[in-house]
Amino acid sequence: MPNRVSCGALRAADEGAEVELCGWVNRRRDHGGLIFVDLRDTDGITQIVFDPQHPSFAQAEHLRNEDVLRAVGSVRRRPSGTENPRLATGEIEVAIGTLEILNRSQVPPFQVNSEEPVDENLRLEYRYLDLRRPRMQRNIRTRHQIVKAMRDFFDSRGFLEIETPMMIKSTPEGARDYLVPSRLYPRHFYALPQSPQLLKQILMISGFGKYMQIARCMRDEDQRADRLVEFVQLDVELSFCTQDDVLEVMESCMRYVWLTVLGVEVPPFPRLTHQEAIAKYGVDKPDLRFGLELADVSQSFAGTEFAVFRSAIESGGAIVALRYPGGAALSRREFDALTETAKQFGGKGMVWIALGSDGTKSSAARFLSETQIAAVRDALAAETGDALLLFADAAAVAYAVAGKMRNEVGDRCNLRDPNVYAFAWVTGFPYLEIDEATGEPAPAHHPFTAPAPGDWELIDRDPTAMRAQHYDMVLNGYELGSGSIRIHKAQEQRKIFEMLKLTPEQVEERFGFFVRALEYGAPPHGGMALGIDRIVMIACGEANLREVTAFPKNSVARDVMMDAPSPVPEQLVKDLHLRLAPEVRSPG
RNA sequence: GGCGCUGUAGCUCAGUUGGUUAGAGCGCCGCCCUGUCACGGCGGAGGUCGAGGGUUCGAGCCCCUUCAGCGUCGCCA
């Protein structure tokens, strides 16, 4: 009985063994009198050799890529000089004994055995072929290992994984809900969870003090390379904890994951406040793989004649400066393109100063004095050969644009090595932010977050000064997730709702079940949720979540393999007590 | 919803100033080939140039409209 082995297993030491291999034809090389077939499975590739006198030779002549085989044969060393060092199994080959063609394949619409880029929607339509490719096999495997490591870690710390329902109540805060119409209750809907937030808090009230879940979440919002409508969170909550308790357990988890899956020892995470993050990096999710800290150089331009700067300063704004290492080599045209990028990021424009070895050039040369340029250069510790980029605007805008440009410069200068992992904590977020659409204060995160100790007293006096016991975990410029210490007293939760201008009736209708739960001895608690898709994406060195998701929706939220969403029979719609609106435009 | 980029063979792409029969590599089909591993050689098939309209003697190329895809901004408590 031959031993069944994977296509990546055999080595020189296996010489002489009788083995059975199952897999797909990766490629056939037909020399007329000798045929090689590379057999592929999830583990690797093994070369099968068909000698012309062998009965299977005729079969081998008709093999095509992606045919499925069972090959039984004997392992032999390749003749000296024909070993393939690029293959893990390259020292050996399997001389065919018996060949069984388990299934034939159509000619695939793209080459499975090539890493050549293919239109993503074609890949998604034939996802089963795309997933056969080694890169996807590796990514999906890494994903499994990461999720397993997370479960192992929390299990070892005494956490229980508890499943929460997929059909819950719609709560109007936050992103748009995916709705499920009810057949039994006309005109009523379930919602798919945007996160199990309230359920996990209720689990704390239920006495399950250490909860975790690999939780599926859905948000009906436009997608991005780093955002899917359907995603997975590592959801964690614990009772009787402080903020530091949560940070400790989440940080330990991530360091465990990186060590066990990637073999990388991650140093303790630096912590910075939201205020520091904005001041130094212009964003609340800074990429700490590189420095290039921003500088507010408004002071250096007091009394300037330059209208752009003067109006920014006079209206209480700021001039924020960024160093571009080696940027002095850019042409005027390239600076113009960079200015366009800044505009795309929401800026009004950009002033550049090139510190060339042959002198200083600038888009605002006429208005800038030697002293002013020297002040900016000193503030950024810039050197000859660098460029200085300046953004004048309302302070929040100037920092935001400068922060995005900092990442752009980081890209251009190759400072964002995907094999470097710069984790960080960001804490001390403001409780409220001003909603730009309404001008009203709205919770910066969610309304179940507890204010910072001592900040309750601000709620009537100056609510926008309140800070939250909220924290973000950041990695390489991505927000991995956020968490908070929660409000655990009903009257405090009501106070927050009141500040958010919800009437008692609205509170009862939307959150009545939850506030009631808080009234029955809710323990102090807090937690966090991390985006597993993003974690896996970064761990795999990918730039798009779809590369680490087996069956993702495309960028416009379609499943192009199954062709969903799709129309349904009229009766199904009727059963749900729904009537479809007339078509606005004929589809397709 | 705004902006940018892209749409040419099954795949990845080229296509000049608007000018004869739209090309390449890979893949596919056939024949040849006993040590290849992106095997090699010879031959062949394969095109609604995303769609519609316009300008022109003539459009893959210019103009308008539209559809689709990717990215980005808005949005994502």
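Values below: every heavy atom of this structure, side chains too, minus hydrogens, waters and symmetry copies. Fair warning: this is a prediction, and the values are worked out from it, not measured in the lab. Lettering of chains follows the sequences in order, A, B, ..., and the numbering in each one begins at 1.
Of the listed residues (A:Gln213, A:Glu237, A:Arg216), just one forms a side-chain contact (heavy atoms from CB on, under 4.5 Å) with A:Pro196, and that residue is A:Gln213.
As rounded to the nearest Å, B:rC62 and B:rU8 have P atoms that lie 15 Å from one another. Taking atom C1' in both B:rC39 and B:rG27, one finds a spacing of 16 Å when rounded to whole Å. Comparing the same atom, C1', in B:rC64 and in B:rA59 gives a spacing of 15 Å after rounding to whole Å. Nucleotides B:rU65 and B:rG23 are separated by 30 Å at their C1' atoms, to the nearest Å. Comparing the C1' positions of B:rU20 and B:rG41 gives a spacing of 33 Å, expressed to the nearest Å. Annotation: B:rG40 and B:rC33 have their C1' atoms spaced 8 Å apart (nearest Å). Distance check on atom C1': B:rC5 versus B:rG46 gives 29 Å, rounded to whole Å. Rounded to whole Å, the C1' atom of B:rC49 lies 8 Å from the corresponding atom of B:rA22.
When rounded to the nearest whole Å, the span between CZ of A:Phe110 and P of B:rG10 equals 15 Å. As a whole-Å value, the separation of A:Glu408 CD from B:rG71 C1' is 13 Å. As a whole-Å value, the separation of A:His62 NE2 from B:rC29 P is 11 Å. Following rounding to the nearest Å, A:Met405 (CE) and B:rC73 (C1') show an atom-to-atom distance of 15 Å. Distance A:Phe36 CZ to B:rG35 P: 8 Å, rounded to the nearest Å. With rounding to whole Å, A:Glu93 atom CD is found 17 Å from B:rU34 atom P. Distance A:Lys348 NZ to B:rC73 P: 19 Å, rounded to the nearest Å.
Relative ring orientation between A:His274 and A:Phe429 is described as tilted, the plane-to-plane angle lying within the 30° to 60° band. Using cut-offs of 30° and 60° for the angle between ring planes, the A:Phe497 and A:Phe448 rings count as perpendicular.
Among the nucleotides B:rG69, B:rU36, B:rC33, the one closest to the side chain of A:Asn554 is B:rG69. Nearest to the side chain of A:Gln47, among B:rC73, B:rG69, B:rC37, sits B:rC37. Nearest to the side chain of A:Arg27, among B:rC75, B:rA38, B:rG10, sits B:rA38. Here B:rU36 is the nucleotide among B:rU34, B:rU36, B:rG74 with the atom lying nearest to any side-chain atom of A:Thr82. For A:Gln111, the side-chain atoms get nearest to B:rG27 when compared with the rest of B:rG27, B:rG35, B:rC73. Comparing B:rC28, B:rC75, B:rA38 by their nearest atom to the side chain of A:Arg86 picks out B:rA38. Residue A:Glu116 has its side chain nearest to B:rC11 when only B:rU72, B:rC11, B:rC76 are considered.
For B:rC31, the paired nucleotide is B:rG41, the pair qualifying as Watson-Crick or G-U wobble because both relevant distances are below 3.5 Å. Taking a pair to require two hydrogen-bonding distances under 3.5 Å in either a Watson-Crick or a G-U wobble arrangement, B:rG1 pairs with B:rC73.
A close approach under 4.0 Å does occur between a side-chain nitrogen or oxygen of A:Arg64 and OP1 or OP2 of B:rC29. Close to B:rG35, at under 4.0 Å from its OP1 or OP2, lies no side-chain N or O of A:Arg76. Between A:Arg78 and the phosphate of B:rG35, there is no side-chain N or O to OP1/OP2 separation shorter than 4.0 Å. Between A:Arg28 and B:rC37 there is no side-chain polar atom (N or O) within less than 4.0 angstrom of OP1 or OP2. OP1 or OP2 of B:rC39 has at least one side-chain nitrogen or oxygen of A:Arg29 nearer than 4.0 Å.
In summary, the aromatic rings of A:Phe36 and A:His31 are positioned with their centroids under 6.0 Å apart.
A donor-acceptor pair shorter than 3.5 Å cannot be found between the side chains of A:Arg27 and A:Gln111. In the model, A:Tyr281 has no side-chain atom that pairs as donor or acceptor with a side-chain atom of A:Asn407 under 3.5 Å. Checked by atom type, the side-chain pair A:Thr341/A:Gln344 shows no donor-acceptor distance below 3.5 Å.
Using a 4.5 Å cut-off on side-chain heavy atoms (C-beta onward), A:Ile92 and A:Glu15 make no contact.
The aromatic ring of A:His31 is not stacked on the base of B:rU36, since the criterion of ring centres less than 5.5 Å apart with planes inclined by under 30° is not met.
Contact check of residues 121-137 of chain A against RNA chain B (heavy atom, cut-off under 4.0 Å) returns A:Asn121, A:Leu122.
Salt bridge present: A:Glu408 and A:Arg412 bring a charged side-chain N and a carboxylate O closer than 4.0 Å.
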